[in-house]
Amino acid sequence: MSPPDFDALFRTAGVTGWLYAADIDSGREVGHGPDEPLPSASMFKVPLLVALCRQADAGLLDLSERVTVTAGDRVPGPTGISAMLDDVTISLRDLAYLMITVSDNTSADVLLELVGFDAVNAVLAGFGLHGTRVTQSCRELNDSMGLDTGHGWPYVDPEDLARLSVLDPARTNRSTPRELARLFGLIWRDEAASEESCAWMRGVLNMQVWPHRLASGFPYDDVAVSGKTGTLPTLRSESGVVEYPDGRRYAVAVVTRSFSTALNQPRADAVIGTAARMAVDHLRK
């Protein structure tokens, strides 16, 4: 059976797109540019979550430990602790919850400082995910955009966008659709960490609040969608897992770059869900 015409779908939505989807248990797969190196944006928080859990499993840290996040620790961002004004005392576990469910940048950077870049990348290498690397914190990522353009948000001028190192996978956090989906498959098969940790990660990833990308393609009460979005100027993405009531489950990753530089592009968001649904339907036939 021929795969869906993803290229035409993405073009109609005004984007270039890349996709990979796989049946988590059988390994049956479909892709559209699945091995293209791409900026991972906030999806880098998933390998950070895995590395955090593996350190907890090894007894190197206690997820119930409480830390105080001060104004000096705060990283720009519209959600979570990034948007708060006062010092926050919170457990490592709840920092991870905020990092995933509302993509809180401050929570991510506090955890990344604790876990370390080397540990995250060693976990990825151990899984054979050699195309996935974490090289920047949220603060470094945000600061680089200001340095590249000479001004702050927003970044909508094409000349500014051409200067952004965060859109160059060779100079920022990066992955491929195949490897993003493979990491989710490891979590769902209890292979990314201990069974207890993988179950907790699945629960947190299922609580992500954003319904406008991957989840928009599966508007059914009996289909569960878990995932993590990523957003940069002109780049919209999400990777995650779709679970059907018959027990079949699918890891999916979709990354798009829009032709327009506009900040609000509902079609570019929605096509992520549409493409994911087409991919999963293809795998279910």
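What you are looking at is a predicted structure, and each value in this text was computed from that prediction instead of being measured.
- A distance of 10.0 Å separates CZ in R267 from OG in S258, rounded to the nearest 0.5 Å.
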Legend entry - CA sep, side-chain torsions, deciding dist, call: T172, L167, side chain to side chain contact (heavy atoms under 4.5 Å, CB included): CA-CA 7 Å; T172 190; L167 296 178; over 6 Å; no

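- In this structure, the separation between CG on L235 and CG on L38 is 7.5 Å, given to the nearest 0.5 Å.
- Under the 4.0 Å criterion applied to side-chain N and carboxylate O atoms, R54 and D57 are not assigned as salt-bridge partners.
- Side-chain contact check for N206 and S226: at least one donor-acceptor pair (N or O, by modelled atom type) lies under 3.5 Å.
- A pairwise comparison of heavy atoms in L111 and L92 identifies CD2-O, 4.0 Å as the closest pair.
- Screening L98, V75, T79 for a side-chain contact (heavy atoms from CB on, under 4.5 Å) involving S107 leaves a single residue, L98.
- Residues V166 and S144 form a side-chain contact, since some pair of their non-hydrogen atoms from C-beta on lies under 4.5 Å apart.
- K45 pairs with exactly one of T229, N105, N173 by the side chain to side chain donor-acceptor pair (under 3.5 Å) rule, that one being N105.
- The shortest non-hydrogen separation linking A251 to A181 is CB-O, 3.4 Å.
- Between the side chain of Q265 and the main chain of S260, a donor-acceptor pair closer than 3.5 Å is present.
- No donor-acceptor pair closer than 3.5 Å links the side chain of E243 to the backbone N or O of A224.
- By the 4.0 Å N-to-carboxylate-O rule, K285 lies too far from D281 to be salt-bridged with it.
- The nearest pair of heavy atoms linking P177 to A253 is O-CB, 3.4 Å.
- Cluster membership check: M207 shares its hydrophobic cluster with V241, using side-chain heavy-atom separations under 4.5 Å among Ile, Leu, Val, Met, Phe, Trp and Tyr.
- Judged purely by atom type and a 3.5 angstrom limit, D94 has no side-chain atom pairing as donor or acceptor with the backbone of Y97.
- Between V255 and R236, the closest side-chain pair of non-hydrogen atoms is not below 4.5 Å.
- Side-chain atoms of R74 come within 3.5 Å of backbone N or O of D86 as a donor-acceptor pair.
- Note that CZ of R171 is 9.0 Å distant from CG of L164, once rounded to the nearest 0.5 Å.
- Under a hydrophobic-cluster definition in which Ile, Leu, Val, Met, Phe, Trp and Tyr are linked whenever side-chain heavy atoms come within less than 4.5 Å, directly or via other members, I272 and L283 are assigned to the same cluster.
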Legend entry - Residue pair R249, D25: steps toward the side chain to side chain contact (heavy atoms under 4.5 Å, CB included) verdict: CA-CA 7 Å; R249 49 199 188 157; D25 300 299; 2.9 Å; yes

Inset, instruction - Before giving the answer on side-chain hydrogen bond (donor to acceptor under 3.5 Å, both in side chains), spell out for T106 and S82 the whole-Å C-alpha distance, their side-chain angles and the decisive distance to 0.1 Å. - result: CA-CA 5 Å; T106 296; S82 289; 2.7 Å; yes

Inset, instruction - Kindly indicate, with the supporting measurements, whether the criterion side-chain hydrogen bond (donor to acceptor under 3.5 Å, both in side chains) is fulfilled by T132 and E179. - result: CA-CA 7 Å; T132 305; E179 291 198 358; 2.6 Å; yes

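- Contact check for L214 versus V252: side-chain heavy atoms found under the 4.5 Å cut-off.
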Inset, instruction - Please test K228 against S42 for side-chain hydrogen bond (donor to acceptor under 3.5 Å, both in side chains), starting from the C-alpha separation and ending with a verdict. - result: CA-CA 8 Å; K228 181 70 198 74; S42 279; 4.6 Å; no

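- The closest donor-acceptor contact from the side chain of Q55 to the backbone of L52 lies at 3.5 Å or more, if one exists at all.
- Sorted by first and then second residue, the side chain to side chain donor-acceptor pair (under 3.5 Å) pairs involving residues 12-21 (not counting sequence neighbours) are Y20-E29.
- Contact detail for A275 and F6: the closest heavy-atom pair is O-CE2, 3.5 Å.
- Counted within 6.0 Å of CG on D118, heavy atoms from surrounding residues, nucleotides or ligands total 12 or fewer; the atom is thus considered open.
- If you take CG on L180 and CZ on R178, they are separated by 12.0 Å, rounding to the nearest 0.5 Å.
- Here the side chain of S197 pairs no donor or acceptor atom with the backbone of A193 at under 3.5 angstrom.
- Considering every non-hydrogen atom in both R189 and I24, the closest pair reads NH1-O, 3.2 Å.
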Inset, instruction - Show the numbers, then the answer: is there a side chain to side chain contact (heavy atoms under 4.5 Å, CB included) between L112 and Q136? - result: CA-CA 10 Å; L112 184 56; Q136 287 182 304; over 6 Å; no

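- Counting heavy atoms from C-beta on, the side chains of Y250 and R284 come closer than 4.5 Å.
- With hydrogens and angles disregarded, a donor-acceptor distance shorter than 3.5 Å links the side chain of T261 to the backbone of V156.
- Closest of all the heavy-atom pairs between Q208 and I100 is CG-O, 4.0 Å.
- Of the possible donor and acceptor atoms, none in the side chain of R139 sits under 3.5 Å from a partner among the backbone N and O of P76.
- By the criterion of side-chain heavy atoms lying less than 4.5 angstrom apart, applied directly or through intervening Ile, Leu, Val, Met, Phe, Trp or Tyr residues, V69 is grouped together with V115 in one hydrophobic cluster.
- Hydrophobic clustering (ILVMFWY, side-chain heavy atoms < 4.5 Å, transitive): F184 and L48 are in one cluster.
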Inset, instruction - Could you walk me through whether S91 and S64 pass side-chain hydrogen bond (donor to acceptor under 3.5 Å, both in side chains), step by step? - result: CA-CA 5 Å; S91 70; S64 66; over 6 Å; no

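- Using a 30° and 60° split on the angle between ring planes, F218 and Y244 fall in the perpendicular class, above 60°.
- Residues M43 and S175 form no side-chain contact, since every pair of their non-hydrogen atoms from C-beta on lies 4.5 Å or further apart.
- Between the OG1 atom in T149 and the CG atom in D157 there is a gap of 9.5 Å [rounded to 0.5 Å].
- By the neighbour-count criterion of 12 heavy atoms within 6.0 Å, atom CG of D246 is densely surrounded, having more than that number from other residues, nucleotides or ligands.
- Proximity of L49 to M99: side-chain heavy atoms (C-beta onward) are separated by under 4.5 Å at one or more points.
- Classification of D190 and R202 as a salt-bridged pair holds, one side-chain N sitting under 4.0 Å from a carboxylate O.
- Of the inter-residue distances, the one linking D23 atom CG with R28 atom CZ reads 8.5 Å to the nearest 0.5 angstrom.
- Residue-environment remark: CD (E113) stays at or below the threshold of 12 foreign heavy atoms within 6.0 Å.
- Side chains of C53 and M201 form a contact here, defined as non-hydrogen atoms less than 4.5 Å apart.
- R257 places no side-chain N or O within donor-acceptor distance of the main-chain N or O of V15, the cut-off being under 3.5 Å.
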Legend entry - M84 vs V88, side chain to side chain contact (heavy atoms under 4.5 Å, CB included): CA-CA, chis, key distance, verdict: CA-CA 9 Å; M84 297 179 187; V88 176; 3.7 Å; yes

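- With hydrogens and angles ignored, the 3.5 Å screen pairs no side-chain donor or acceptor of R213 with any backbone N or O of G273.
- Residue pairs satisfying the ring-ring contact (aromatic ring centres under 6.0 Å, His included) criterion with at least one member in residues 142-177, sequence neighbours excluded, are listed as follows: H151-Y155, W153-Y155.
- For the pair D73 and D109, the minimum side-chain heavy-atom distance is 4.5 Å or more.
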